[in-house]
Amino acid sequence: RMADAAGTRFLRYDIYSDAAHTREWDDRGGRRRVTGNTGPTGQRTHTAYGEITMAAARNATGPFRDTVVVTVDF
């Protein structure tokens, strides 16, 4: 969840691995994203899509922020 600058108001959101918001990206139930070989560069790009529900955003005014941590196992 994102917090306002004072840390007193919060805004829930979900992160998805697809633009249609059908594949939620989370760590519940031990789910992991497996992508395979990265090729000769050793680099792999992943795009994340966020979604805030209209109900959550209705009373959200001003800036909100959060930090997303990604763990890479190899």
With no hydrogens and no angle check, is any side-chain donor or acceptor of R9 less than 3.5 Å from a backbone partner on T61? yes

Would a single hydrophobic cluster contain both V68 and F64, if residues Ile, Leu, Val, Met, Phe, Trp and Tyr are joined by side-chain heavy-atom contacts under 4.5 Å? yes

Test of understanding: clusters of I, L, V, M, F, W, Y form through side-chain heavy atoms closer than 4.5 Å, transitively. Do F10 and I52 belong to the same one? no

Testing the basics here: between T8 and D4, what is the closest heavy-atom pair and its distance to 0.1 Å? N-OD1, 2.9 Å

Hey, mind stepping through D66 and Y13 against side chain to side chain contact (heavy atoms under 4.5 Å, CB included) and telling me if it holds? CA-CA 10 Å; D66 192 12; Y13 65 94; 2.3 Å; yes

Check the pair H21 / E51 against side chain to side chain contact (heavy atoms under 4.5 Å, CB included), numbers first and verdict last. CA-CA 8 Å; H21 300 151; E51 181 178 55; 3.2 Å; yes

I want to check a possible cation-pi pair here: R23 against Y16, using under 6.0 Å from ring centre and within 45° of the ring axis as the test. no

Supply the atom-to-atom distance Y49 OH to D18 CG, rounded to the nearest 0.5 angstrom. 8.0 Å

